*Asks:* 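Structure provided below as structure tokens; questions to follow.
One-based numbering along the sequence shown. Atoms within a ligand are numbered from 1 in the order they appear, just like the ligands themselves. Quick caveat: nothing in here was measured; it's all calculated off a predicted structure.
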Amino acid sequence: MPVAKGGAHAVRPAARQRRHGAPDEKSATGRLFRKLGLDEPMDFVLHFPLRYEDETRVVPVRAVRPGSSVQVEGEILSHEVSYRPRKQLKAVLSDGDAEITLRWLNFYPSQVKQVEPGMRVRALGEVRGGLWGCEMVHPRIRRSDAPLPEALTPVYPTTSGLSQPVLRQAVLHALAQADLSDPLPERVRERYGLMPFGDAVHQLHAPGPGDTGDGMESQTHPAWLRVKFDELLAQQLSMAEARALRQHQRAWPLIVAQDADTLPTRLLSSLPFALTAAQQRVVADICHDMARAHPMHRLLQGDVGSGKTVVAALAAVQAIAAGAQVALMAPTEILAEQHYLKLDSWLAPLGITTVLLNGRLGQKARRLAQAAIESGEAALVIGTQALIQDKVSFNRLGLVIVDEQHRFGVGQRLALGRKGEQPPDEGAMLPHQLMMSATPIPRTLAMTYFSDLDVSVIDELPPGRTPVKTKLIAEHRRGELAEYLADAVRAGRQAYWVCPLVEESEALDLQNAVDTHAGLQVLLPGLRIGLVHGRLPQAEKSAIMDAFRAGEMDILVSTTVIEVGVDVPNASTMVIEHAERFGLAQLHQLRGRVGRGSAASICVLLYQAPLSQVARQRLRAMFETEDGFEIARRDLELRGPGEFLGVRQSGVALLRFADLQADAELAEQARDAASYLRQACPEAARAHLQRWLRGREDYLRT
Ligand code: ADP
Ligand code: MG
């Protein structure tokens, strides 16, 4: 299997880049099509309308209501270009009975000509309530002498420079060219009441005069249902295939004898705590998987602070005891380093060598580390994405652990898995894979996106945790915090103070943290206040984190670099500035940094009023619950699955049409259909997958 680099397009074999009748791919239009991922006829066929415009009817002006999108027809009474408060074009249209204002804030001279007084036109657009009655902003103007179209007009997702008529034309052209045969056998279609594929796509792209119902707009029309079903089916098929493939792949069985003196038992007895029942259960799951001759593919879910690291350590030790090398990949250098410190302190006494591979190593140290990895002297290798660089070659890599897996693109995870692939001619031995995540995934999502993974859940926190109290405080009252912080520090506690990303601008982001740091130093003289942010050289970042961990610093001001996984039990206060700008999952992760010791902990969410509706809901969720699953559920509600999974950038073919919440029933049906098709008509299954994924299957294998 080729390792995919870059975007989804990179995996397309060159032979697929055939042209079809639409404009030459080298032309400007061709480039725009390709920007939308439109290349072969089937790409155009599967490029479905975003919505429809109803130009079939003309509504009396008297009857228009704000909020609706309608077409009116009448005579232009007047028009005017004015320059205050800004340049705009205004026209008044009357249908003889009532008047409506048309307004453009950006316009071309040609548009002024379209609304000369005395002309009869049709205007189509959204109606807003204005000071002087209803108006349409940026309506589309057509001359009245053209006949009214008989059907809805599709409106496509497009990109700047590509007009709707051009796109529409190309889609119609592709409809005539593409092979629209239905891969689903009739009995399957009947069973789920599905419309034939060809009919469905024709109806969506070129609605007939009868297709004017609400179903087209709300995507509940049978044609839409067919498309959504197909999409879900493709996804299920691809997951099932990935799972089946794994059954044919081989891995080392990593088995450890069951006696008292094995590495795992020695590690367990050296820990300062006993495993929780949940930890024991997941460790057993993992050990069982690793003992098999097929690669493990397990997702370990556990809320922030539930103790996933020790589970990873036990898995690593079992693999090492069985003679394999282990790689652990973390999303940030800070986290990799922290894992190194913790795991090395646990494993070194057992005689296990751990190596940290990070950007901070000099040339020589790096070469030494690489040599130790290659020779197998390093039994455990910890690092960031640096681990998947070509220069690193492992020695008997038997287990790959990915921490905070949702932080990685799918491609990166695949690449690390393949690092351990033994020469293919030996029948491809693959390493076992353990993925860890603090983002609990609600059931519907897990079923769809991770159905090819086995999942273990740590559903219990280690004992002795004190709940974190969450307080919402408006920005202008931040002064009151100073006293509280001073008290906490006097009692020997430490605090985090996190500043948000400002509008994706790193410079501003930094300035914000620097200012806050300076402000706190004035507000809290005598306290030891540190500052860490993404721009610092790695060595400096590490030194600051070390100092904070060692208690040599009272307050750590930071950008979001500490978001994932940092573990300093003595820190009991978390202040999050501009909490309204953070996502819910991020807030929950940050709050999870405190409440790890025995002291009562507090998380202060500083916010700037007024709050947007969504921000208000996020902050309320934080205030109301500490339960990671509940937070995840609400997050999913607020953001939708794509954003929630954070896979948008990773190239995974996300569901574009189906909605896992609204179409849950369809998803269940698609799952049934997938298993039936794989058994009864594998050819159909393959054809369907090919049509929908077009060479992107690889990305669905997490
Ligand atoms: P996360 O699941 O967020 O990665 P960590 O592995 O960092 O959590 O664990 C959080 C803290 O809990 C660490 O300080 C760890 O040593 C401690 N811990 C883990 N398991 C237990 C346990 N069974 N009993 C007590 N403390 C534990
Ligand atoms: Mg962790």
Side-chain angles (χ1 to χ4, degrees), residues 264 267-286 298-317 328-347 380 382-384 401-408 434-441 455-468 493-494 496 545 548-551 560-572 574 585-599 601 603 626-629 631-632:
L267 171 57
L268 274 176
S269 55
S270 74
L271 290 174
F273 51 78
L275 295 190
T276 61
Q279 283 170 321
Q280 285 174 16
R281 187 164 36 73
V282 304
V283 167
D285 287 348
I286 292 166
R298 190 169 281 277
L299 176 65
L300 172 58
Q301 286 188 2
D303 206 350
V304 196
S306 60
K308 295 183 290 294
T309 315
V310 70
V311 172
L314 282 160
V317 161
L328 189 158
M329 182 160 80
T332 65
E333 301 253 0
I334 285 182
L335 195 51
E337 211 155 288
Q338 174 182 285
H339 279 323
Y340 172 74
L341 291 175
K342 184 150 241 171
L343 292 174
D344 189 50
S345 77
W346 283 340
L347 305 195
L380 174 59
I382 299 179
T384 58
I401 304 172
V402 181
D403 193 20
E404 309 288 350
Q405 63 97 25
H406 57 285
R407 285 309 193 97
F408 291 99
L434 175 63
M435 283 148 282
M436 308 200 287
S437 172
T439 306
I441 297 161
V455 180
S456 294
V457 180
I458 307 185
D459 52 7
E460 144 185 46
L461 291 181
R465 293 283 164 82
T466 40
V468 180
R493 300 286 155 202
Q494 292 167 282
Y496 297 102
M545 291 310 293
F548 188 64
R549 208 175 280 124
T560 47
V561 292
I562 62 149
E563 183 193 338
V564 283
V566 175
D567 185 33
V568 180
N570 192 49
S572 64
M574 167 66 67
Q586 242 183 336
L587 289 173
H588 180 63
Q589 283 264 343
L590 285 169
R591 180 170 58 184
R593 301 300 120 224
V594 296
R596 296 179 162 228
S598 49
S601 293
C603 172
E626 251 196 282
D627 174 352
F629 267 96
I631 298 253

*Asks:* With a 4.0 Å heavy-atom cut-off (strictly under), which part of T276 contacts ligand 1: side chain, backbone, both or neither?
*Replies:* both

*Asks:* Just jot down the ligand 1 atoms closer than 4.0 angstrom to any heavy atom of V304, in number order.
*Replies:* 3 (O)

*Asks:* G302 versus ligand 1: do any nitrogen or oxygen atoms come within less than 3.5 Å of each other?
*Replies:* no

*Asks:* Any atom of ligand 1 sitting under 4.0 Å from a heavy atom of M436?
*Replies:* no

*Asks:* State whether the shortest distance between N or O atoms of P462 and N or O atoms of ligand 1 falls below 3.5 angstrom.
*Replies:* no

*Asks:* Among the heavy atoms of G305, does any lie under 4.0 Å from an atom of ligand 1?
*Replies:* yes

*Asks:* Between A274 and ligand 1, find which residue part has any heavy-atom pair under 4.0 Å and reply side chain, backbone, both or neither.
*Replies:* backbone

*Asks:* For Q279, is at least one N or O under 3.5 Å away from an N or O on ligand 1?
*Replies:* yes

*Asks:* Going by heavy atoms, is G592 under 4.0 Å from ligand 1?
*Replies:* no

*Asks:* Any sub-3.5 Å donor-acceptor pair from Q279's side-chain atoms to G307's backbone N or O?
*Replies:* yes

*Asks:* Below 4.0 angstrom from a heavy atom of L275, which ligand 1 atoms are there? Numbered from 1 as shown, please.
*Replies:* 23 (N)

*Asks:* Taking heavy atoms and a distance under 4.0 Å, where does D403 meet ligand 1: side chain, backbone, both or neither?
*Replies:* neither

*Asks:* Going by side chain to side chain contact (heavy atoms under 4.5 Å, CB included), D403 matches just one of L300, L335, L434. Which one?
*Replies:* L335

*Asks:* Tell me if a side-chain donor or acceptor on D285 pairs with a main-chain N or O of S456 at a distance below 3.5 Å.
*Replies:* no

*Asks:* Decide yes or no on side chain to side chain contact (heavy atoms under 4.5 Å, CB included) for N570 and R493, but give the supporting numbers first.
*Replies:* CA-CA 6 Å; N570 192 49; R493 300 286 155 202; 2.7 Å; yes

*Asks:* For V455, is there any backbone N or O sitting under 3.5 Å from a side-chain donor or acceptor partner on Q301?
*Replies:* no

*Asks:* Between CZ of R281 and CG of L275, what distance do you get to the nearest 0.5 Å?
*Replies:* 12.0 Å

*Asks:* Would you call L341 and M545 a side-chain contact if the rule is heavy atoms closer than 4.5 Å?
*Replies:* no

*Asks:* Go through ligand 1 atom by atom and flag the ones less than 4.0 Å from a non-hydrogen atom of T309.
*Replies:* 4 (O), 5 (P), 6 (O), 7 (O)

*Asks:* Should the pair F548 and Y496 be assigned to parallel (<30°), tilted (30 to 60°) or perpendicular (>60°) ring geometry?
*Replies:* tilted

